[in-house]
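Below is one structure; the comments refer to it alone.
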Amino acid sequence: MEDGDGFLFKFKGYYFYRKGIDIDFIENLDNFEIREDDVFIITYPKSGTVWLQQLLSLIYFEEHRRGTGKLQTVDQVPFFEYNFRQLDFGKRPSPRLFSTHLPYNLVPSGLKNKKGKIIYIYRNPKDVLSSYFHFGTNVILQVTSTFERFMEQFLEGRVIGSLWFDHIKGWYEHKSLFNIQFMMYEEINKDLRGSVLKICKFLGKELSEENIDAVMTKATFENMKYDPLANYDDIIKTAYGKNVKGHFLRKGTIGDWKNHMTVEQNERFDKIFQREMKDFPLKFIWDVNED
Ligand SMILES: Nc1ncnc2c1ncn2[C@@H]1O[C@H](COP(=O)(O)OS(=O)(=O)O)[C@@H](OP(=O)(O)O)[C@H]1O
């Protein structure tokens, strides 16, 4: 984000979106009371958050599955640190569903006692960068930045969510403290049914075949893009302004980074990735034809 300044708020070494937070809430994150049946989706930005909000809404709420509900996904699975709707989390009925971009060291300490469940979604960081570039320039800043400049900011961690490498490594290296399931954006993209079943199993939810089919149909990119309860177009207008061009549901593909990065940029990225992620055990998928 341009020079980081106006848009970023740094707290305990981590960058938040300044306009979206309540500083009192952020300073007291540690003490937020966690319930046994709380569920958190945790992501670095642009890794599939809105998709998982839709999937959880569909898995938990019959009216959302049937298309008779009126609540947007952000009202059913609200952002934890960006409480746009100013919901009273303490008064929400169980099970509470949340989504967050927080790093492992800033989440409420109750989660560290394995109370609540976490689904951590990760995506190959070149596609994260490409998605973020469009979102950063079209939605958040609404100014033109070059990809080159944005890539530098991303690699320095001077963006909302801070450094991608720190986020994923922090969560993975501390996974034994949490009740956590890691899932890959690309795995959900390639095998939606298998992914829905995996999520249901982790959350202890049993859905009929018919309901699984309904979840899958409503969670495809095409259906979400035109679904006003799931596409965030309304939120963009409210939070960022009426003239914003960008969308949360942009391309939804694997390997779009190839349309953005030059050979040199790609080589530089690979070098840094290899240095930072040496010995990191999770697999990444960089191309749509890769298994
Ligand atoms: N159903 C479905 N299928 C495939 N891809 C999907 C889907 N829903 C969201 N997306 C893609 O997720 C990207 C946005 O990431 P986030 O939701 O994490 O963004 S944010 O952090 O909440 O701003 C963004 O990726 P890009 O298209 O590459 O920009 C979205 O298109």
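All ligand and atom numbering here is 1-based and tracks the order in the structure. Model, not experiment: these values are computed from the prediction.
A donor-acceptor pair is defined here as one N or O able to donate and one able to accept, closer than 3.5 Å; no such pair exists between the side chain of K126 and the backbone of W257. Side-chain atoms of N28 come within 3.5 Å of backbone N or O of D24 as a donor-acceptor pair. Using a distance-only test at 3.5 Å, with no hydrogens or angles considered, a donor-acceptor pair links the side chain of Y132 to the main chain of I160.
Rounding to the nearest 0.5 Å places CZ of R18 at 13.5 Å from CZ of F11. Rounding to the nearest 0.5 Å places CG of L29 at 7.5 Å from CD of E81.
Between F40 and the choices Y104, F98, F89, the ring-ring contact (aromatic ring centres under 6.0 Å, His included) rule is met once, by F98.
Residue-ligand proximity, F79 to ligand 1, at heavy-atom distances under 4.0 Å covers atoms 22 (O). Listed by atom number, the atoms of ligand 1 under 4.0 Å from P45 heavy atoms are 21 (O). Below 4.0 Å from some heavy atom of G48 lie the following atoms of ligand 1, by number and element: 15 (O), 16 (P), 17 (O), 18 (O). Less than 4.0 angstrom separates some heavy atom of M224 from each of these atoms of ligand 1: 1 (N), 8 (N).
For atom 15 (O) of ligand 1, the nearest non-hydrogen atom of the protein is K46 CA, 3.2 Å. Nearest protein heavy-atom neighbour of atom 18 (O) of ligand 1: T49 OG1, 2.4 Å. Protein heavy atom nearest atom 8 (N) of ligand 1, with residue, atom name and distance: L249 CD1, 3.4 Å. Nearest protein heavy-atom neighbour of atom 17 (O) of ligand 1: V50 N, 2.8 Å. Taking atom 30 (C) of ligand 1 as the reference point, the nearest protein heavy-atom neighbour is F248 O, 3.1 Å. Nearest non-hydrogen protein atom to atom 26 (P) of ligand 1 is S131 OG, 3.5 Å.
If you look at R250 next to ligand 1, the close heavy atoms, those under 4.0 Å, come from the backbone and the side chain alike. Here T220 has backbone heavy atoms under 4.0 Å from ligand 1, and that is the only part of it that gets that close. The proximity of W257 to ligand 1, defined as any non-hydrogen pair under 4.0 Å, does not occur for either the backbone or the side chain. The proximity of Q54 to ligand 1, defined as any non-hydrogen pair under 4.0 Å, does not occur for either the backbone or the side chain.
In terms of heavy atoms, L163 sits closest to E156 at CD1-C, 4.0 Å.
At a cut-off of 3.5 Å, with distance as the only test, a side-chain donor of H167 or Y120 sits close to an acceptor on the other residue.
Checking Y185, F221, W51 against atom 11 (C) of ligand 1, the nearest heavy atom belongs to Y185.
Judged by the 6.0 Å and 45° rule, K169 forms no cation-pi pair with F280. A cation-pi arrangement is present between K46 and F248 under the rule of less than 6.0 angstrom and at most 45 degrees off the ring axis. Geometrically, K12 does not engage Y14 in a cation-pi contact, judged by NZ or CZ lying under 6.0 Å from the ring centre and within 45° of the ring axis.
Residue contacts with ligand 1: T43 is excluded, as none of its non-hydrogen atoms falls under 4.0 Å. Using a 4.0 angstrom heavy-atom cutoff, H134 does not count as in contact with ligand 1. At least one heavy atom of H101 sits closer than 4.0 Å to an atom of ligand 1. The closest approach between Y132 and ligand 1 stays at or above 4.0 Å for every heavy atom of the residue. Look at R123 and you'll find a heavy atom under 4.0 Å from some atom of ligand 1.
The shortest N or O to N or O distance between G252 and ligand 1 is under 3.5 Å. At least one N or O atom of A219 sits closer than 3.5 Å to an N or O atom of ligand 1. By the 3.5 Å distance cut-off applied to N or O atoms, S47 is counted among the residues near ligand 1.
With respect to the salt-bridge test (charged N to carboxylate O, under 4.0 angstrom), the residues K283 and D291 do not qualify. Ion pairing between a basic and an acidic side chain is recognised when a charged N comes within 4.0 Å of a carboxylate O; R193 and E209 show such pairing.
Here side-chain hydrogen bond (donor to acceptor under 3.5 Å, both in side chains) pairs that include residues 52-62, with residues two or more places apart or in two chains, are Q53-S99, Q53-Y232, Q54-H64, E62-R66.
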